[in-house]
Structure formats: C-alpha cells, structure tokens
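I have placed the structure first, in the form of structure tokens, so that the comments after it can refer back to it.
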Amino acid sequence: MRPILLQGHERALTQIKYNRDGDIIFSTAKDQHICAWFAHNGERLGTYHGHQGALWTVDVDPTSTLIASGAADNTVRLWDIRSGKCLKVWEFNTAVKRVEFNEDGSQLLAVTEKRMGFLGTIVVVNINLDPEGEQDDEKVLTIECEESKATVAGWSFMNKYIIAGHEDGTVSQYDAKTGEQLDNTQVHEMDAQITDIQWSPDRTYFITASKDKSAKLINAADLEVMKTYVSDTPLNSASITPKKDYVILGGGQAAMDVTTTSARQGKFEARFYHKIFEEEIGRVRGHFGPLNTVAVDPQGKGYASGGEDGYVRVHQFDKGYFDFEYEVERQYRNQSQL
Amino acid sequence: EDADRGASADLAVVEERRRLLDEWLAWRSRVEQDVREEREARGLPADPIAGLIKETDESENQVIE
C-alpha cells in the first residue's frame with residue numbers, strides 16, 4: 001500500500017471526508033481553508049476560503065453537490081463544490097466542532113462547543129441541494145446538552161435518530177424530528193471523551209473512537225455495544241470499511257504528553273481490526289504525529305488519514321488486503337457459492 | 001501431547017469465530033429486513049438518494065433537448 005502524500009495544509013488535520021463515489025476527498029485543518037483532492041492521484045481540485053478560524057469539520061452531501069464546514073469562527077458554511085462559492089453562512093454562539101448531512105441531504109446537523117454562558121448544542125438546519133436555490137436561515141431544531149457536551153454527532157438510517165458522542169464517554173440517541181432524548185448510555189470509560197462517530201454504509205450501526213484507547217461498534221436502534229476494539233493509545237478516529245469486514249482506528253499520544261522516545265514510537269499508525277472477530281490484523285505507519293482523522297472510501301477501494309503533522313496520506317488497498325480472510329470466512333464463502 | 005493441546009486450542013478459536021460470524025450474519029439479515037420493511041411502510045425509497053440522482057439526470061436531459 002504505497003500512499004499518496006497530500007501537501008496542502010500548513011496545520012494539523014481535523015477531518016477528512018470522501019464523497020459517495022469515492023473519487024473526491026475533502027479535508028479540513030486548523031489553517032482556515034478546506035481542500036478538495038482527486039482520490040486517485042492526489043491532485044488538488046480546489047480550496048474553499050472564507051472561514052476566519054480553525055476548521056474543525058467538513059461533510060459532503062450524498063449527491064456530491066455541496067459541502068458544509070464548521071469552524072472556530074462560530075459559523076457553519078455551505079459551499080458549491082464546483083464553483084467554490086460560499087452559498088450560506090449560519091452563525092452560532094460558539095465554535096462548531098462537527099457537521100453532518102443526513103442520508104438524503106435534506107438536513108444538516110451542527111455540534112456547537114460549550115463555553116461560559118452557553119451549553120453545547122446540536123442544531124439542525126434545512127438544506128436546499130440546488131446550488132442556485134435559496135438556503136433557509138432558520139434553525140429548525142436545537143438540542144441542548146445539559147449533562148455533558150456533545151463532541152460528535154450524526155444521523156441514523158431513515159433520518160430517524162440523531163446519535164451523539166459526549167465528553168463524558170456516553171452516547172445519546174435523540175428523536176431526529178423532535179429532539180427528545182430517547183436514550184443515553186455509558187459506552188466508554190467515564191469521562192473518556194468520544195472523539196469520533198462514523199457510520200456503516202446503511203447507517204444502522206456506527207463506530208466510536210475514544211480517549212480510553214478503545215473503539216466500539218454500536219447498534220443505532222438500541223445503543224447496544226456489539227464489538228470492542230482495544231488499542232494501546234488514545235484514539236481520535238475510527239472508520240468502518242465497506243466490502244471487507246474491517247475497521248480502521250487512528251490516534252496516538254501527542255509528543256508533549258509522552259516522556260520517552262521509545263514510548264512514542266509505533267504509536268502513529270493506522271490500525272486495522274477485523275470487525276467481527278475484534279482482532280488486530282495490521283498496521284500502517286507513516287505519520288509523524290497522532291492521526292487525527294481516518295476516512296474510508298465508500299466504494300471500499302482505499303482510505304485516507306490526516307495527521308497532527310499536517311499531512312493527508314491516501315492509500316489504495318492492494319490485492320493482499322482484499323484476499324486476506326480467516327479460514328472460517330473462506331468456508332462460509334465457499335458454502336454460499338455451492 | 002503438546003501438539004494435541006495446540007490443535008484443540010486452535011479448534012476452540014475456530015469454533016468461537018464461527019459462532020461470532022453466525023451471530024453477526026444473523027443480526028445483519030434481521031436488520032436489513034427490518035429496515036427494508038420500515039422504509040416500505042413509510043413510503044421511502046430503498047436507496048435514500050435514488051430519487052435525488054435521477055432528478056439531476058432528468059433536468060440535464062431537459063437542457064439538452
């Protein structure tokens with residue numbers, strides 16, 4: 001797996017997203033602009049300028065027409081991918097740490113930071129997927145997180161639930177229409193922040209990453225923890241691979257938090273686990289600092305990681321990746337072919 | 001004797017994986033069916049974006065005509 005190195009950011013990466021076809025990668029970093037790249041050769045397609053603070057998050061709608069971004073300048077911005085034009089700015093009281101489109105691109109959620117005088121919130125706005133059309137000002141739903149602020153959030157299948165991961169290691173399930181909290185479960189260690197939530201292709205289950213050095217696979221309908229992936233370093237990101245039953249975890253301890261060089265070595269690697277058997281099956285090194293974000297191509301052809309070192313590394317999966325299987329899996333495959 | 005012990009340990013591991021795989025596949029087929037039925041009942045398309053992509057193609061065709 002020889003990676004393509006994308007050099008376009010001057011600061012730490014914060015989020016990477018592939019579009020649905022897997023041919024374009026969007027990246028955000030603390031350097032205040034969004035980059036778009038061609039996944040197959042790493043050529044830069046464009047940059048989106050306008051935010052006045054560190055960018056924390058980006059998402060692309062399911063038709064690959066618009067992207068949304070959230071930043072430390074307390075705004076969410078909506079952009080036309082093709083023209084690079086900023087179509088809309090929504091203002092908030094605090095920084096926006098995560099945005100996500102729902103499954104049909106009709107709504108966008110934004111997770112806002114908690115700060116003196118302001119609770120952390122999850123806010124929903126309506127989206128018009130026509131780049132020539134009007135965008136609505138109104139915040140159609142605001143969920144206030146009174147117990148513990150949300151750090152990440154996303155939409156389940158059928159836009160039925162909003163699922164949030166919190167600073168205290170819990171996961172919440174809200175009714176996506178009314179905002180009513182239906183469930184809240186301690187899935188990670190108490191007060192171990194949940195740093196990422198990413199979905200299965202059909203949005204019926206998701207994976208969390210946490211500072212408690214583990215990732216969990218969770219059923220969106222009942223918040224049952226189905227699988228746990230144990231690592232040896234605080235995790236910043238986790239992603240589920242389509243086609244193959246793997247998950248990819250990224251993290252690492254910042255240099256300033258580590259006392260010896262040896263403890264630091266080997267920590268800045270993407271880790272592959274078998275999704276069903278929970279066993280680690282491989283690692284990919286390359287970054288010079290913690291992995292802040294990992295994303296998988298929805299078509300299953302590769303993945304990308306973004307580091308505290310300011311680089312994006314794009315990997316195309318090779319034959320060995322696709323050929324690898326456990327004996328049990330081989331048997332099942334043969335049986336179903338008979 | 002050591003080899004035997006190793007073999008039975010391997011067998012236990014394989015059996016455990018088989019159990020996990022069975023359990024996972026059963027859950028997936030249950031969930032996929034539930035979601036399919038619920039989408040149908042709510043009048044939602046099987047693929048959430050099927051309609052969106054088609055609309056774009058149609059408008060492009062109209063422009064060409």
Side-chain angles (χ1 to χ4, degrees), chain A residues 19-21 60-66 82 101-107 127-133 155-161 177 199-205 217-222 224 226-228 245 274-279 281 298 325-333 335-336, chain B:
Chain A
N19 68 338
R20 189 173 156 111
D21 290 337
V60 50
D61 89 75
T63 67
S64 301
T65 311
L66 311 174
R82 262 192 221 186
F101 287 100
N102 64 3
E103 65 173 18
D104 58 5
S106 60
Q107 294 191 313
I127 297 294
N128 181 351
L129 286 178
D130 178 2
E132 309 295 327
W155 302 85
S156 80
F157 61 103
M158 292 193 305
N159 306 331
K160 198 171 175 181
Y161 308 115
K177 293 272 181 316
W199 292 96
S200 66
D202 69 353
R203 294 179 184 258
T204 56
Y205 63 101
L217 206 70
I218 300 174
N219 184 343
D222 59 10
E224 183 204 351
M226 299 185 291
K227 303 288 172 188
T228 297
D245 286 318
H274 194 280
K275 183 173 73 184
I276 300 165
F277 306 139
E278 302 171 307
E279 290 169 18
I281 50 176
E325 60 186 0
Y326 282 80
E327 181 59 21
V328 180
E329 291 180 293
R330 197 185 60 77
Q331 288 168 5
Y332 272 70
R333 187 167 50 78
Q335 281 163 15
S336 62
Chain B
E1 198 187 313
D2 275 354
D4 278 357
R5 207 178 292 148
S8 67
D10 285 351
L11 193 67
V13 168
V14 169
E15 283 306 313
E16 174 62 4
R17 284 189 191 134
R18 200 185 305 280
R19 188 187 69 75
L20 291 171
L21 192 54
D22 277 339
E23 182 187 80
W24 177 262
L25 294 172
W27 179 72
R28 284 310 301 160
S29 76
R30 212 160 53 235
V31 166
E32 280 165 20
Q33 192 185 335
D34 286 353
V35 172
R36 204 162 41 235
E37 286 171 6
E38 201 171 338
R39 294 195 90 94
E40 230 175 81
R42 292 186 184 208
L44 293 167
D47 178 357
I49 73 148
L52 299 172
I53 296 293
K54 212 159 113 199
E55 264 173 40
T56 323
D57 289 343
E58 274 165 11
S59 67
E60 272 173 14
N61 287 342
Q62 279 165 4
V63 172
I64 293 161
E65 281 163 20

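Every heavy atom of this structure was used, including side-chain atoms; hydrogens, water molecules and symmetry mates were not. All values derive from a computational prediction rather than experimental measurement. Order of the sequence lines fixes the chain letters, A, B, ..., with proteins taken first and strands second; residue numbering starts at 1 for each chain.
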B:L44/A:M158 under side chain to side chain contact (heavy atoms under 4.5 Å, CB included): CA gap, chis, key distance, verdict: CA-CA 8 Å; B:L44 293 167; A:M158 292 193 305; 3.9 Å; yes

Chi angles and distances behind the side chain to side chain contact (heavy atoms under 4.5 Å, CB included) call for A:D202, B:R28: CA-CA 11 Å; A:D202 69 353; B:R28 284 310 301 160; 2.6 Å; yes

Quick one, B:D22 with A:Y332, criterion side chain to side chain contact (heavy atoms under 4.5 Å, CB included). Give me CA distance, side-chain angles, the key distance, then yes/no. CA-CA 10 Å; B:D22 277 339; A:Y332 272 70; 2.2 Å; yes

Hey, mind stepping through A:K227 and B:L20 against side chain to side chain contact (heavy atoms under 4.5 Å, CB included) and telling me if it holds? CA-CA 10 Å; A:K227 303 288 172 188; B:L20 291 171; 3.8 Å; yes

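Using a 4.5 Å cut-off between heavy atoms, B:D34 makes no contact with chain A at all. B:V14 touches chain A through backbone and side chain together, each having a heavy atom under 4.5 Å away. For chain B, the nearby parts of A:E103 are the backbone and the side chain; heavy atoms of each come within less than 4.5 Å. The contact between A:E329 and chain B is made by backbone and side chain atoms together, counting heavy-atom distances below 4.5 Å. Contact annotation for A:F277: both backbone and side-chain heavy atoms come within less than 4.5 Å of a heavy atom of chain B. B:E16 does not touch chain A: none of its heavy atoms, backbone or side chain, sits under 4.5 Å away.
More than 12 heavy-atom neighbours from other residues, nucleotides or ligands sit within 6.0 angstrom of CD on B:E32.
Scanning both residues, B:L21 and A:I276, for their nearest heavy atoms gives CD1-CD1, 3.7 Å.
Within the 6.0 Å centre-distance limit, the rings of B:W24 and A:Y205 are counted as a close aromatic pair.
Once rounded to the nearest 0.5 Å, the distance linking NE2 of A:H274 with CZ of B:R17 reads 8.5 Å. Here the straight-line distance linking atom OG1 of A:T204 with atom CH2 of B:W27 works out to 4.5 Å at 0.5 Å rounding. To the nearest 0.5 Å, the span separating CZ on A:R20 from CD1 on B:I49 amounts to 3.5 Å.
Chain B forms the most heavy-atom pairs under 4.5 Å with one residue out of A:D104, A:N159, A:D130, A:L129, and that residue is A:D104.
Exactly one of B:R18, B:E15, B:R19 qualifies for a side chain to side chain contact (heavy atoms under 4.5 Å, CB included) with A:V328. That residue is B:R18.
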